[in-house]
Amino acid sequence: MKTFCEGKFDICVIGAGHAGCEAALVSARSGLKTCMLTLNLDSIAFMACNPSIGGTAKGHLVREIDALGGEMGINADKTAIQMRMLNEGKGEAVQSLRCQCDKNAYHREMKRTLENTDNLRIIQGEALEILTNENKACGVMTEYGGIIQAKAVIVATGVYLNAEIITGALRRKSGPSGFSSATALTENLIKLGYNVRRFKTGTPARLDGRSVDFEKLTVQDGGENVPAFSFLTKKKPKNFAVCHLTYTNKNTHEIILNNLDRSPLYNGDIKSAGPRYCPSIETKVVRFADKDRHQIFIEPEGLDTNELYVQGMSSSMPHDVQREMYRSVEGLENCEIMRYAYAIEYDCIDTLDVYPTLEFKKVEGIYTAGQINGTSGYEEAAAQGLIAGINAVYKITGKPPFVLGRDEAYIGVLIDDLTTKGTQEPYRMMTSRAEYSIALRQDTADFRLTPKIADTPLYTAKRKKAYLKRKAQYESTLEKLNERATQRTEKFGAGTFADFIRRGAKLKEICEVFGILQDMPEEILKCAEATIKYEGYLKKNAQQIEKAKKLEEKALPPDIDYDEIKGLRLEAREQLKRVRPLTLGQAGRIYGVNPADVTVLIVWLATRKNN
C-alpha cells in the first residue's frame, strides 16, 4: 500500500461518538492541533440507543462533564424535548436529571460544534494501525494509506470494533443502525499488547407513532422548573414532547418463553457478556419469572420523526417473534415496526491494561475511552473521553496527570472501578457505586470540579463568570441561613434559619414567612438547603475521606517486584502484578487483595524507606 502524509497533529482521536467528541474538543480547545478520524461523518455523536441523556447517576456524570468544560450537557440542553428530575421523592444525593433529546438534532448540533472548533480537523476513514516508535505512539495509519502523525492517540471506537448485528439466526458484520463496523484495528491492538474481549449490548424496536393507540397508555409529562444540565445554560429547557408508559403482560411473556429456542441469548449463539442492569426483555422474563408484567416506556426519537423508542423491550428475537411480541402489549396491538430490535457484539479491552489516566500501560501515549473500555452508556463514554483528552493534553504540555478521586466525582468512581477492579460485563454507573454519594450531589458539581480547570483554556470567560456568580450566590445564601431569625414564631420556634431546616422545616416556607432570599434562584436555594440538611453526614463523609486519603497519598513505586515481598498471599501477588496500583489505597480496592496484604505493603514501604 502506498502511504502519504495526512498531516502533523498533536493528538489523533479515533472515533466520533460521545467519548471521541469530548476528547477531540478538549484537545482542540486546549490549543493543540487535533485530528478526529471517524468511519462516517453521519455517525458523529450518534445516539444508537435511546436518545436520552442523564438518568440515575448518569445525570451526575453529565453535570461533572460540564463542570470540567465538556460539551455533553450543553448539547443536551440545546436539543432537549423533555426534561425531568428523577427520584424527586428521595434524598437530594440520588436525584438526577434526565433529558429526552431530539436524536437528529443532537447529532447535528454536536457536528456543528466540532466543525467550528479551531485546531480541529475531521477526517472520514477507518484506522488501520496505531503507529509507534520506541514504544511510544507516533500516529495512525488509515485503510487508505494516510499517515496521521500525532504525539498521542485516543482510541474511542465505541461498539464498532468487529461489530456484528444479531437477530434470530441472522448474524452480519455491521455497526449500530446499519453503519459500517471497524474491522482492522482489533488485530493491531492485540499486537500492541492489549487484552481484548467480547461484549454484547442491544436495542429495542422503533415504532411508527401513527400506529400506536396512545389512549391506552399512561402519559409521562416532563417536569416543571427543572434546571438545565449545563451551568452555562441560562434558560431552562422547555418540554416539547411527552413520553408514555405501558406494560408487558402474561401473553407477552408466553410468546417469549415459547420461542426461547429461537433466541440467540438462550440457544447458545450469543456467548458474550451483556449489560446486567439493562437486560433484554427475554432475560427479564426468564430471570424474573414471578413478575406478571414489566414497565415499558414509549419515548419519541425527535420532533422531526414519527419513530418511537420502546424502552425496556430490547431483544434479539427473530422479526416474526418481535412483531407478535410487541403487538401483545396494551396500546401497541396494531403497531408497525420501522426498525426491528437487535443485539450487537463487539470487541473491547480489559481496563486493567490502563492507568487511571486511561493511558495504556505497555505503550506510552495511547489512551482508550468509552465502550472500548467495557462501559455502557453515552454519559460514561463522554466522561472517559473528557479525562483521556485532558490527560493526553497534560502529557504533551508537561503537566502532571489529571486523576479524580472517588471522593471528588462520580467520574473518579467510574475510572477507579475500571482500572482497579476491571469489569466482566458492560459497566454502568449507579449511585450505589459511590461510597461518598452525599458529598457528590449533582448540584455541587461545579463547586467541586470547576476550580480544577481554572488554569486551563477550558475555563473560559463565560464559564468563569457563571461559576463565580453561582459560588457567590451559594455562599451568601448559606451565610444568610446561618443568621438568627429576628423574631420567634410559633411554627419554627427560635434559632437560626439553618436550625429550622435541621428540624425539618422547608426552606421555601421559611423564605415566605421571614421574607428572606426572595431574589435567589431556586436551584441555589435547594442546593444550600440540602447542604444544611445533610451537614452531619457530610462531616462524617469528610472524616472518612481524610482517613482514606492517608492511604491514597502513599505512592507505590511503579517498578515493585511483588514476587520479592514476603508475606503477600499468592492471589494478592498475582493481582498486584496485573493491576500495578499507583497507591496503597488503589491496592486495597483490587479484587483478591485483603487488608492483611495492604499491611504487608505498608511494612515493606517503611522498611524500604529506612534502608
For a side chain to side chain contact (heavy atoms under 4.5 Å, CB included) with Arg293, tell me which candidate from Val329, Thr246, Thr248, Thr252 qualifies.
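For Arg293, the side chain to side chain contact (heavy atoms under 4.5 Å, CB included) test succeeds with only one of Val329, Thr246, Thr248, Thr252, which is Thr248.
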[X] versus [Y], closest heavy-atom pair with distance:
{"X": "Ala439", "Y": "Leu538", "value": "CA-CD2, 3.8 Å"}
{"X": "Leu414", "Y": "Glu380", "value": "CD2-O, 3.8 Å"}
{"X": "Ser328", "Y": "Ile255", "value": "CB-CD1, 3.8 Å"}
{"X": "Gly374", "Y": "Thr423", "value": "O-CG2, 3.8 Å"}
{"X": "Ile411", "Y": "Glu64", "value": "N-OE1, 2.9 Å"}
{"X": "Gly202", "Y": "Ser314", "value": "C-CB, 4.3 Å"}

Sidechain-backbone polar pair: [X] side chain, [Y] backbone, donor-acceptor under 3.5 Å:
{"X": "Asn306", "Y": "Asp208", "result": "no"}
{"X": "Glu379", "Y": "Gly54", "result": "yes"}
{"X": "Ser181", "Y": "Leu161", "result": "no"}
{"X": "Tyr378", "Y": "Pro51", "result": "no"}
{"X": "Ser27", "Y": "Ala24", "result": "no"}
{"X": "Gln220", "Y": "Val242", "result": "no"}

Please report the C-alpha distance between Tyr346 and Lys200 in whole Å, then the side-chain angles of each, then the deciding distance to 0.1 Å, and finally whether the side chain to side chain contact (heavy atoms under 4.5 Å, CB included) criterion is met.
CA-CA 6 Å; Tyr346 56 95; Lys200 168 243 154 194; 5.6 Å; no
Please report whether the ring centroid of [Y] lies less than 6.0 Å from that of [X].
{"X": "Phe447", "Y": "Tyr474", "answer": "yes"}
{"X": "His319", "Y": "Tyr340", "answer": "yes"}
{"X": "Phe46", "Y": "Phe179", "answer": "yes"}

Side chain to side chain contact (heavy atoms under 4.5 Å, CB included), that's the test. Do Glu529 and Leu525 meet it? Break it down for me.
CA-CA 6 Å; Glu529 182 179 25; Leu525 294 177; over 6 Å; no
Do [X] and [Y] have side-chain N/O donor and acceptor atoms under 3.5 Å apart?
{"X": "Tyr534", "Y": "Glu92", "answer": "yes"}
{"X": "His244", "Y": "Thr218", "answer": "no"}
{"X": "Asn239", "Y": "Gln82", "answer": "no"}
{"X": "Tyr427", "Y": "Asp417", "answer": "yes"}
{"X": "Gln322", "Y": "Ser315", "answer": "no"}
{"X": "Thr531", "Y": "Arg441", "answer": "yes"}
{"X": "Asp446", "Y": "Thr450", "answer": "no"}
{"X": "Thr357", "Y": "Asn391", "answer": "no"}
{"X": "Asn373", "Y": "Gln384", "answer": "yes"}
{"X": "Glu345", "Y": "Ser272", "answer": "yes"}

Using a strict threshold of under 4.0 Å (side-chain N to carboxylate O), is an ion pair present between [Y] and [X]?
{"X": "Lys103", "Y": "Glu301", "answer": "yes"}
{"X": "Glu425", "Y": "Arg197", "answer": "no"}
{"X": "Glu408", "Y": "Arg448", "answer": "no"}
{"X": "Arg198", "Y": "Glu164", "answer": "yes"}
{"X": "Arg463", "Y": "Asp66", "answer": "yes"}
{"X": "Lys111", "Y": "Glu115", "answer": "yes"}

Does the side chain of [Y] come within less than 4.5 Å of [X]'s, by heavy atoms?
{"X": "Thr368", "Y": "Thr351", "answer": "no"}
{"X": "Asn104", "Y": "Asp304", "answer": "yes"}
{"X": "Ser316", "Y": "Ile270", "answer": "yes"}
{"X": "Pro176", "Y": "Thr203", "answer": "no"}
{"X": "Leu68", "Y": "Leu404", "answer": "yes"}
{"X": "Glu22", "Y": "Met72", "answer": "yes"}

Neighbour count >12 (heavy atoms, 6.0 Å) for atom [atom1], [X]:
{"X": "Lys421", "atom1": "NZ", "answer": "yes"}
{"X": "Glu535", "atom1": "CD", "answer": "yes"}
{"X": "Tyr537", "atom1": "OH", "answer": "no"}
{"X": "Lys452", "atom1": "NZ", "answer": "no"}

Would you check, one step at a time, whether the test side chain to side chain contact (heavy atoms under 4.5 Å, CB included) holds for Leu352 with Thr420?
CA-CA 7 Å; Leu352 295 182; Thr420 300; 5.9 Å; no
CA sep, side-chain torsions, deciding dist, call: Asp102, Phe240, side chain to side chain contact (heavy atoms under 4.5 Å, CB included):
CA-CA 10 Å; Asp102 186 305; Phe240 296 101; over 6 Å; no
First locate atom CG of Leu41, then atom CE of Met36, and finally report the distance between them rounded to the nearest 0.5 Å.
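If we round to the nearest 0.5 Å, Leu41:CG and Met36:CE are 10.0 Å apart.
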Nearest 0.5 angstrom please: Leu418 CG to Leu358 CG, how far?
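Between atom CG of Leu418 and atom CG of Leu358 there are 8.0 Å.
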Which of these, Arg206, Arg327, Arg210, sits in a salt bridge (Lys or Arg N to Asp or Glu O under 4.0 Å) with Glu336?
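It is Arg327; the other options fail the test.
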Candidate pair Arg98 and Glu299, rule salt bridge (Lys or Arg N to Asp or Glu O under 4.0 Å), full reasoning
CA-CA 13 Å; Arg98 182 188 186 275; Glu299 300 171 327; 3.1 Å; yes
Worked verdict on Lys526 versus Glu522 for salt bridge (Lys or Arg N to Asp or Glu O under 4.0 Å)
CA-CA 6 Å; Lys526 286 183 176 180; Glu522 184 179 355; 3.3 Å; yes
Assess whether salt bridge (Lys or Arg N to Asp or Glu O under 4.0 Å) is satisfied between Arg29 and Glu71, documenting all intermediate values.
CA-CA 11 Å; Arg29 287 169 173 171; Glu71 192 68 21; 2.8 Å; yes
Is it possible for you to check whether Lys291 lies under 6.0 Å from the centre of the six-membered ring of Phe288, through NZ or CZ, and within 45° of that ring's axis?
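Yes, cation above the ring, under 6.0 Å and within 45°.
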